[in-house]
Amino acid sequence: MFDIYAIAVSLIGGVTITLLANFASIKSRSVPKTLSDTLSSLTGFIRAAFGGEQDDEQGKPLTRAQVAAAFPQGTWQRNAYEDYKAVLLDEELIFPCVYATKGFKSDDQLYLFIDSDDLSDPRHIRTLAKGLSTYLPQAHQLGPNTSLVLLAKQNDNNSRTVEEYNTLFWELLNGLAKLDEKPWPSNIPRDIDTDRWCFCFGGEQFFTVIQTPAHQVRRTRYAPGLTMVFQPKWIFDILFSTDAKRAGALAKVRALLAKYDPIPVSPELKNYGDEGSRESKQYFLLDDNVPAPCPYDKLSDSEIIAA
């Protein structure tokens with residue numbers, strides 16, 4: 001079968017362009033930045049036009065520069081990324097999770113894309129499992145505000161409710177558990193309804209949050225396209241190294257939440273491990289202050305390990 005992308009590139013002399021772009025990315029000090037950016041954008045446009053970028057980048061976490069190179073302005077991936085970026089960099093309405101903004105500015109974050117917001121789709125579950133497995137070995141080198149950000153294609157005819165997104169969210173986490181190649185950490189209970197449970201993958205503990213296009217009241221959990229953020233929990237040991245730092249950070253975030261959301265701060269936002277706390281109830285917040293239901297008592301065992 002013919003490779004339509006390769007044919008298109010050859011027709012416009014793309015072999016030379018691709019080689020120059022690769023050279024520019026390696027020898028950026030020797031090649032003017034404008035030339036490097038122009039070549040990267042042109043090859044990205046060719047990939048987007050002929051559908052090549054989906055195959056090349058599927059399941060591969062990307063840096064900011066790689067997103068810009070792979071997805072030209074006007075592609076759905078770039079639109080999702082620019083919407084996410086705009087929220088974090090808004091100087092008038094400050095996004096309460098200041099560490100997400102710091103992580104973006106310091107280029108500590110990596111980005112992953114899926115072409116629909118159906119989180120139960122096995123394709124998306126495999127993409128995220130692959131992305132997390134690729135992200136984890138490099139996470140410690142990315143910086144103290146690192147996270148993996150999952151961005152979905154915006155659905156123009158979206159009719160899902162907040163509650164339906166909650167169900168899909170848990171189906172995704174359960175699907176990831178089935179694909180996990182490493183055992184569940186022995187110090188984390190499998191029962192979700194406990195104050196010590198948290199989501200784990202690849203032997204690593206994560207805090208995860210989700211934003212959906214269905215949220216209307218809780219602005220911090222709204223995004224025009226579904227967005228999920230996976231934060232390795234070791235980053236909190238760095239950011240909150242003392243009780244005083246933790247208390248100061250939480251007070252700042254809560255003050256910003258009170259300004260950002262027209263709804264009172266969720267009573268579910270408590271310290272991990274505190275009596276009565278449930279981290280599982282912090283991942284997905286509804287548009288009112290009642291806890292979102294979890295359809296699982298515990299996530300499924302790994303089918304990879306069992307095999």
Side-chain angles (χ1 to χ4, degrees), residues 84 87 95-97 99-100 114 116-121 124-125 128 132 147-152 154-155 158-178 180 184 188-201 205-233 236 250 253-254 256-258 260-300:
Y84 172 78
V87 170
F95 190 67
C97 185
Y99 300 105
I114 54 176
S116 82
D117 60 8
D118 181 2
L119 297 178
S120 67
D121 188 328
H124 300 337
I125 297 173
L128 183 53
L132 285 168
S147 55
L148 180 66
V149 181
L150 179 71
L151 299 170
Q154 296 180 20
N155 186 350
N158 198 297
S159 60
R160 301 190 205 276
T161 65
V162 172
E163 290 75 16
E164 287 171 334
Y165 276 116
N166 177 60
T167 300
L168 291 174
F169 166 76
W170 281 104
E171 288 183 17
L172 173 69
L173 294 191
N174 191 59
L176 288 173
K178 293 179 180 180
D180 198 348
W184 190 268
I188 303 299
R190 297 299 306 274
D191 291 336
I192 295 175
D193 190 22
T194 67
D195 56 20
R196 304 298 298 181
W197 184 88
C198 64
F199 176 68
C200 300
F201 186 87
Q205 301 173 39
F206 281 95
F207 185 87
T208 182
V209 295
I210 180 170
Q211 299 170 304
T212 83
H215 280 81
Q216 299 297 316
V217 180
R218 198 180 299 278
R219 189 181 296 158
T220 48
R221 295 302 176 102
Y222 167 80
L226 184 142
T227 302
M228 288 184 67
V229 178
F230 289 81
Q231 297 173 294
K233 292 190 66 174
F236 302 124
L250 293 179
V253 169
R254 283 181 174 273
L256 291 171
L257 277 171
Y260 202 91
D261 282 341
I263 186 174
V265 176
S266 171
E268 302 303 328
L269 298 181
K270 303 173 183 177
N271 290 324
Y272 172 75
D274 285 356
E275 185 177 355
S277 68
R278 294 292 185 271
E279 187 163 297
S280 59
K281 295 180 180 179
Q282 299 182 35
Y283 294 167
F284 195 109
L285 297 180
L286 299 177
D287 249 352
D288 49 11
N289 277 331
V290 296
C294 175
Y296 299 96
D297 295 325
K298 67 176 184 178
L299 299 181
S300 295

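One-based numbering along the sequence shown.
Cys294 is not listed as a side-chain neighbour of Arg278, based on a closest heavy-atom distance of 4.5 Å or more. Contact annotation: the side chain of Asn155 never approaches that of Pro213 to less than 4.5 Å [non-hydrogen atoms, C-beta and beyond]. Put simply, the side chain of Val162 does not reach to within 4.5 Å of the side chain of Arg221, judged on heavy atoms. A 4.5 Å side-chain heavy-atom check between Asp193 and Asp297 finds every atom pair outside the cut-off. Contact of the Leu128 side chain with the Leu132 side chain is registered, since non-hydrogen atoms from C-beta on lie closer than 4.5 Å. Inter-residue side-chain proximity for Glu279 and Lys233 is flagged as met; some heavy-atom pair is nearer than 4.5 Å. Leu269 has its side chain within reach of Arg254: a pair of non-hydrogen atoms, C-beta onward, lies under 4.5 Å apart. Residues Val217 and Asp288 are not in side-chain contact: their nearest non-hydrogen atoms beyond the backbone lie 4.5 Å or more apart.
Going from atom CZ of Phe236 over to atom OH of Tyr99 covers 9.5 Å, rounded to the nearest 0.5 Å. Taken from OG1 in Thr161 to CG in Asp287, the straight-line distance is 10.5 Å, to the nearest 0.5 Å. Atoms CD1 and OH, from Ile210 and Tyr165 in turn, are 8.5 Å apart once rounded to the nearest 0.5 Å. The distance from the CG atom of Asn289 to the CD1 atom of Ile263 is 4.0 Å, given to the nearest 0.5 Å. Considering CD of Glu171 and CG of Asp118, their distance stands at 8.0 Å, rounded to 0.5 Å. The CZ atom of Phe230 sits 6.0 Å away from the CG atom of Leu173 when rounded to the nearest 0.5 Å.
Nearest heavy atoms, Leu119 versus Ile114: CD2-CD1, 4.0 Å. Looking at every heavy atom in both residues, Ala152 comes nearest to Ser116 through CB-O, 3.6 Å. Nearest heavy-atom pair, Pro96 versus Thr220, reported as atom, atom and distance to 0.1 Å: CG-CG2, 3.6 Å. Taking each heavy atom of Tyr260 and Val87 in turn, the nearest pair found is OH-CG1, 3.7 Å. Summarising the geometry of Leu285 relative to Lys281, their closest heavy-atom pair is CD2-O, 3.3 Å, with the distance given to 0.1 Å. Residues Ser300 and Asn174 approach most closely at N-OD1, 2.7 Å, considering heavy atoms.
Without hydrogens or angle criteria, Arg218 side chain to Leu286 main chain gives a donor-acceptor distance under 3.5 Å. Here the side chain of Glu268 pairs no donor or acceptor atom with the backbone of Gln282 at under 3.5 angstrom.
For Phe206, the ring pair (Phe, Tyr, Trp, His ring centres under 6.0 Å) test picks out no residue, with sequence neighbours left out.
Partner of Met228 under the side chain to side chain contact (heavy atoms under 4.5 Å, CB included) criterion, out of Leu148, Leu172, Val149: Leu172 alone.
The aromatic rings of Tyr283 and Trp197 lie tilted to each other, with the angle between the two planes from 30° to 60°. Using cut-offs of 30° and 60° for the angle between ring planes, the Trp184 and Phe199 rings count as perpendicular.
If you check the side chains of Asp195 and Ser277, you find no donor sitting under 3.5 Å from an acceptor.
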Practice task
Kindly determine whether Arg160 and Leu168 satisfy side-chain contact (heavy atoms from CB on, under 4.5 Å), including the steps that lead there.
Solution key: CA-CA 10 Å; Arg160 301 190 205 276; Leu168 291 174; 3.8 Å; yes
